[in-house]
Asker: 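Let me begin by handing over the structure; questions about it come next.
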Amino acid sequence: MYECLIDKLQKIMDFIARYTLLIVFSLIFVAGLFIKAMYSFDDFPYFTFPDKYDFLAALLVLAMFAGVYWKRDWIQQHLNYQLCAVLFVLCALAYVLLVPIKPFSDMDPVYNGALHFSQFQWNEMLQDEYWEMFPGNIKLAVFWGILIIPFPKTLLTFKVWNIFFVYMIAFFARKTAKEYGVKYYNLVYLFLLSCLSLFLYINQIYFDVPVMLLCIIAVYLYKKYDNPIPSFLILGLARYLRQNVTIFVVAFVILFLFEQCEMFRTKKWMKQLGRLAISLLLFLVVSRGLSTAVQNRFINGNFQSYPFWNQIYIGINEAEFGFMDNDFSYDRSAQDVINRVEEYGPVRMGKIILKKTFWLWSQGTYQAERYAFGGDAADWSEKFEYETILTNHLLRDDQPLRRFINAFMRAQYFVLFGLMVLAFLKSKNTERFRLFYYIIIATFLIMLVYELKSRYILQLLPIMAILAGTSMEKPIIKRGEARKREDDQF
């Protein structure tokens with residue numbers, strides 16, 4: 001009886017996830033070819049139309065894709081991981097040295113706080129007025145501070161850590177793709193190493209890149225060992241950095257129950273449920289324990305956090321269709337959100353959700369240009385540590401180099417997005433990648449009302465790349481066959 005109900009529930013959830021993503025993302029993909037979602041450095045979203053830079057970038061990216069597709073079998077058989085790693089590190093070091101952006105906005109207090117923490121100057125760490133508004137981000141300063149304790153206390157040290165993180169994201173995405181039986185898993189690896197939007201995030205000192213790495217490691221460990229405990233430990237650390245990691249935890253729990261539904265017909269059900277309970281307990285101990293330890297040590301009674309309802313209230317503002325408008329309040333409540341929904345009515349709310357959903361999933365750069373190059377400036381000294389051959393060409397978003405970089409990122413994203421949509425067409429992929437479908441659909445639903453930022457879906461990039469990789473394969477390699485392959489070179 002129970003198994004029958006679980007099976008029906010699973011089929012319903014699979015159907016909803018697959019066809020919702022297929023239909024909505026197909027429409028977004030087609031519309032995105034003609035309407036361009038853009039981010040203004042005055043910090044608001046808008047729409048425009050493709051220009052010559054978009055056409056040039058599209059031609060270049062499609063030519064590169066065609067070459068990779070043509071040589072996909074050779075790449076899969078002969079790719080040298082060590083050479084790829086060396087080339088990536090050299091390019092990344094050249095990037096951080098030639099584009100020496102200074103920390104700004106939220107990154108500045110996190111960076112300075114991490115420097116103070118690493119030198120055990122904890123009183124100085126709390127002097128920044130930023131912590132009075134956003135005390136929760138002290139956790140990020142502590143995280144980065146721990147990482148740099150044994151290393152030189154320079155900005156370059158932070159960015160070298162990010163180089164390591166980005167490479168490991170590609171590394172574990174490849175291993176995850178292999179575990180899922182993706183035939184051309186090396187293409188997933190190459191795409192992430194060459195994904196310009198992810199590459200540019202090396203200049204960001206915040207939570208996005210570390211959280212993405214922790215999430216893909218958790219997915220890999222779950223698939224590799226079929227045991228939720230290691231994955232939930234990793235997700236506990238990720239949840240300490242960013243609350244939306246809870247989406248992954250919920251998806252893991254649902255998948256585990258679906259996969260273990262037959263246990264209720266045997267005597268193993270107590271053992272399996274016990275393992276899940278231990279996993280959840282460890283997740284809470286790590287995430288809550290670390291947060292509580294930091295809060296008790298650094299956040300005193302003078303610091304007051306904004307209620308969660310601010311992100312929902314801002315997420316349905318009409319003027320910027322959910323983008324951050326800084327309308328924060330310490331007294332924000334669910335009733336404020338209800339009042340705003342009632343004020344707008346179904347038609348205005350529908351327009352807000354339609355625009356923000358299209359912008360979110362078609363913007364294509366994850367706002368990487370903001371964290372790579374900073375805001376517009378008249379002189380290099382306003383945002384760079386020193387002058388290089390590139391700094392004067394990266395001052396404003398209307399300069400040719402900046403416009404082409406943005407167009408190239410967007411073209412790469414649309415190839416990835418289109419290939420992912422093709423993956424939804426294959427019914428066999430629903431069971432194969434059920435975890436990915438649930439993570440993406442949950443993110444999609446939450447972002448309907450949550451504060452709008454395209455970087456909030458950046459953590460989905462590795463699993464989107466894996467799904468896109470399945471559209472390059474024929475035939476599909478079974479899981480058992482993938483496990484029999486020899487160990488990776490690196």
Side-chain angles (χ1 to χ4, degrees), residues 18 21-22 24-33 35-37 39 50 54 57-72 75-76 88 166 169-174 176-177 180 182-201 208-209 212-213 215-216 219 357-369 405-426 429 433 436-437 439-441 443-444 447 454-473:
R18 179 193 174 197
L21 294 175
L22 175 61
V24 175
F25 283 2
S26 295
L27 294 173
I28 290 174
F29 177 79
V30 173
L33 297 176
I35 302 173
K36 185 166 66 170
Y39 168 74
D54 295 293
L59 289 175
L60 178 58
V61 170
L62 288 174
M64 294 169 60
F65 168 75
V68 169
Y69 183 80
W70 181 46
K71 289 292 186 179
R72 65 191 186 281
I75 293 171
Q76 183 59 36
F88 172 79
V166 170
I169 288 169
F171 176 78
F172 277 102
R174 172 175 62 83
T176 304
Y180 273 90
V182 177
K183 183 177 181 180
Y184 299 109
Y185 54 83
N186 279 344
L187 298 187
V188 175
Y189 172 74
L190 277 184
F191 173 80
L192 290 173
L193 287 184
S194 61
C195 180
L196 188 55
S197 54
L198 177 58
F199 185 84
L200 294 184
Y201 261 88
D208 299 85
V209 175
M212 193 191 329
L213 173 59
C215 287
I216 192 60
V219 172
T357 300
F358 175 67
W359 190 92
L360 174 67
W361 295 98
S362 69
Q363 195 269 334
T365 72
Y366 302 103
Q367 295 169 254
E369 63 272 30
I405 288 173
N406 289 355
F408 189 86
M409 286 191 288
R410 190 170 183 271
Q412 278 190 315
Y413 175 83
F414 263 80
V415 169
L416 169 75
F417 195 74
L419 290 173
M420 182 183 67
V421 171
L422 290 179
F424 295 143
L425 290 171
K426 300 179 182 179
N429 279 347
F433 297 106
F436 295 0
Y437 282 35
I439 291 171
I440 295 173
I441 191 67
T443 303
F444 171 82
M447 290 305 298
S454 59
R455 67 181 179 86
Y456 287 169
I457 62 171
L458 179 64
Q459 66 189 33
L460 301 181
L461 180 59
I463 64 177
M464 290 172 66
I466 293 171
L467 285 172
T470 66
S471 298
M472 307 277 281
E473 65 185 27

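The analysis underlying the following values was restricted to heavy atoms, covering all of them including side chains, and did not include hydrogens, waters or symmetry mates. Because the structure is predicted, anything quoted here is derived from the model rather than measured.
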Asker: Check whether any side-chain heavy atom of Val68 sits under 4.5 Å from a side-chain heavy atom of Phe65, and report yes or no.
Answerer: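 A side-chain contact is absent here, since even the closest heavy-atom pair is not under 4.5 Å.
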Asker: Under 6.0 Å from the ring centre and within 45 degrees of the ring axis: does the NZ or CZ of Arg72 meet both conditions for the six-membered ring of Tyr69?
Answerer: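 Satisfied, under 6.0 Å and within 45°.
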Asker: How far apart are the closest heavy atoms of Val421 and Ser26, and which atoms are they?
Answerer: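 Scanning both residues, the minimum pair turns out to be CG1-OG, 3.2 Å.
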Asker: To the nearest 0.5 angstrom, please state how far the CG atom of Leu198 sits from the CG atom of Leu458.
Answerer: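 Going from CG on Leu198 over to CG on Leu458, the span is 6.5 Å.
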Asker: Hey, does Thr357 have a side-chain heavy atom less than 4.5 Å from the side chain of Met447?
Answerer: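 Side-chain contact under 4.5 Å: no.
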Asker: Atom CG in Leu192, atom CG in Leu187: separation rounded to 0.5 Å?
Answerer: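 Leu192 atom CG to Leu187 atom CG measures 11.0 Å (nearest 0.5 Å).
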Asker: Do Leu467 and Ile440 have side chains that get closer than 4.5 Å, going by heavy atoms?
Answerer: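 They are in contact (side-chain heavy atoms under 4.5 Å apart), so the answer is yes.
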Asker: Phe444 vs Trp361 aromatic rings, parallel, tilted or perpendicular, using cut-offs 30° and 60°?
Answerer: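 Plane angle between 30° and 60°, so tilted.
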Asker: Does any N or O in the side chain of Glu369 come within less than 3.5 Å of the main-chain N or O of Ile405, such that one atom is a donor and the other an acceptor?
Answerer: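 Judged by distance alone, no pair lies under 3.5 Å.
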Asker: First locate atom CE of Met409, then atom CD of Gln367, and finally report the distance between them rounded to the nearest 0.5 Å.
Answerer: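 Output value for this atom pair is 10.5 Å.
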Asker: May I have the step-by-step check of side-chain contact (heavy atoms from CB on, under 4.5 Å) for Arg174 and Asn186, ending in yes or no?
Answerer: CA-CA 6 Å; Arg174 172 175 62 83; Asn186 279 344; 3.3 Å; yes
Asker: Leu200 and Thr365: side-chain contact (heavy atoms from CB on, under 4.5 Å), yes or no, with the steps?
Answerer: CA-CA 10 Å; Leu200 294 184; Thr365 72; over 6 Å; no
Asker: So, for Ser471 and Leu422, which heavy atoms are closest and what is the spacing to 0.1 Å?
Answerer: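 In this case the closest contact between Ser471 and Leu422 is OG-CB, 3.5 Å.
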Asker: Going by heavy atoms in the side chains, are Tyr180 and Val219 under 4.5 Å from each other?
Answerer: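 Yes. Closest side-chain heavy atoms under 4.5 Å.
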Asker: Taking the six-membered ring for Trp, are the ring centroids of Tyr366 and Tyr201 within less than 6.0 Å of each other?
Answerer: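 Centroid separation for Tyr366 and Tyr201: 6.0 Å or greater.
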Asker: Are any of the side-chain heavy atoms of Leu460 and Ile463 separated by less than 4.5 Å?
Answerer: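 Side-chain contact under 4.5 Å: yes.
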Asker: What is the distance from atom CG of Leu21 to atom CD1 of Ile441, rounded to the nearest 0.5 Å?
Answerer: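 So the CG of Leu21 and the CD1 of Ile441 are separated by 4.0 Å.
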Asker: Please list, chain by chain and in numerical order, all residues satisfying side chain to side chain donor-acceptor pair (under 3.5 Å) with Ser197, sequence neighbours excluded.
Answerer: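 Result, side chain to side chain donor-acceptor pair (under 3.5 Å) vs Ser197: none returned.
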Asker: Tell me, please, which residues at least two apart from Tyr39 pass side chain to side chain donor-acceptor pair (under 3.5 Å).
Answerer: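 Checked Tyr39 against side chain to side chain donor-acceptor pair (under 3.5 Å); matches are Asp43, Arg370.
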Asker: Specify the closest pair of heavy atoms between Val188 and Ala177, including all atoms of both residues, with the distance to one decimal.
Answerer: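 Shortest heavy-atom separation between Val188 and Ala177 comes out as CG2-CB, 4.1 Å.
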Asker: Identify, with sequence neighbours excluded, every residue that meets salt bridge (charged side-chain N to carboxylate O under 4.0 Å, His left out) alongside Arg18.
Answerer: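 For Arg18, no residue satisfies salt bridge (charged side-chain N to carboxylate O under 4.0 Å, His left out) once neighbours in sequence are set aside.
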Asker: Gln76 side chain to Tyr185 main-chain N or O, any donor-acceptor pair under 3.5 Å?
Answerer: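 Checked: pair present.
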Asker: Under the ring-ring contact (aromatic ring centres under 6.0 Å, His included) rule, collect the residues that match up with Phe358, sequence neighbours excluded.
Answerer: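 In terms of ring-ring contact (aromatic ring centres under 6.0 Å, His included), with neighbours along the sequence ignored, Phe358 is linked to Phe47.
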Asker: Roughly how far, to the nearest 0.5 Å, is CE of Met464 from OH of Tyr413?
Answerer: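 Reported to 0.5 Å precision, the distance equals 4.0 Å.
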Asker: So does Thr470 get a backbone contact from the side chain of Lys426, meaning a donor-acceptor N/O pair under 3.5 Å?
Answerer: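 Looks like yes, one N/O pair under 3.5 Å.
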Asker: Measuring only between side-chain heavy atoms, which start at C-beta, is Val166 closer than 4.5 Å to Phe199?
Answerer: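 The answer is no, as the side chains (C-beta and beyond) never meet within the 4.5 Å cut-off.
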Asker: For the atom pair NZ (Lys36) and CG (Asp54), what is the distance rounded to the nearest 0.5 Å?
Answerer: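 Answer rounded to 0.5 Å: 3.5 Å.
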Asker: Could you work out, with side chain to side chain donor-acceptor pair (under 3.5 Å) as the rule, every residue matching Asn406, not counting sequence neighbours?
Answerer: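 In terms of side chain to side chain donor-acceptor pair (under 3.5 Å), with neighbours along the sequence ignored, Asn406 is linked to no residue.
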Asker: side-chain contact (heavy atoms from CB on, under 4.5 Å) with Ser362: which of Phe417, Phe414, Phe29?
Answerer: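 By the side-chain contact (heavy atoms from CB on, under 4.5 Å) criterion, Ser362 pairs with just one of Phe417, Phe414, Phe29: Phe414.
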Asker: Output all residues satisfying side chain to side chain donor-acceptor pair (under 3.5 Å) with Thr176, sequence neighbours left out; order by chain, then residue number.
Answerer: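 Partners of Thr176 under the side chain to side chain donor-acceptor pair (under 3.5 Å) test: none.
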Asker: If you compare all heavy atoms of Pro462 against all heavy atoms of Ile216, which two are closest, and at what distance to 0.1 Å?
Answerer: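 It is CB-CD1, 3.8 Å.
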Asker: Evaluate ring-ring contact (aromatic ring centres under 6.0 Å, His included) for Phe424 paired with Tyr437, printing each intermediate quantity in order.
Answerer: CA-CA 9 Å; Phe424 295 143; Tyr437 282 35; 5.1 Å; yes
Asker: Please tell me if the side chains of Leu461 and Phe191 come closer than 4.5 Å, counting only heavy atoms from C-beta onward.
Answerer: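 In contact.
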Asker: Between Leu416 and Gln412, does the side-chain contact (heavy atoms from CB on, under 4.5 Å) criterion hold? Intermediate values first, please.
Answerer: CA-CA 6 Å; Leu416 169 75; Gln412 278 190 315; over 6 Å; no
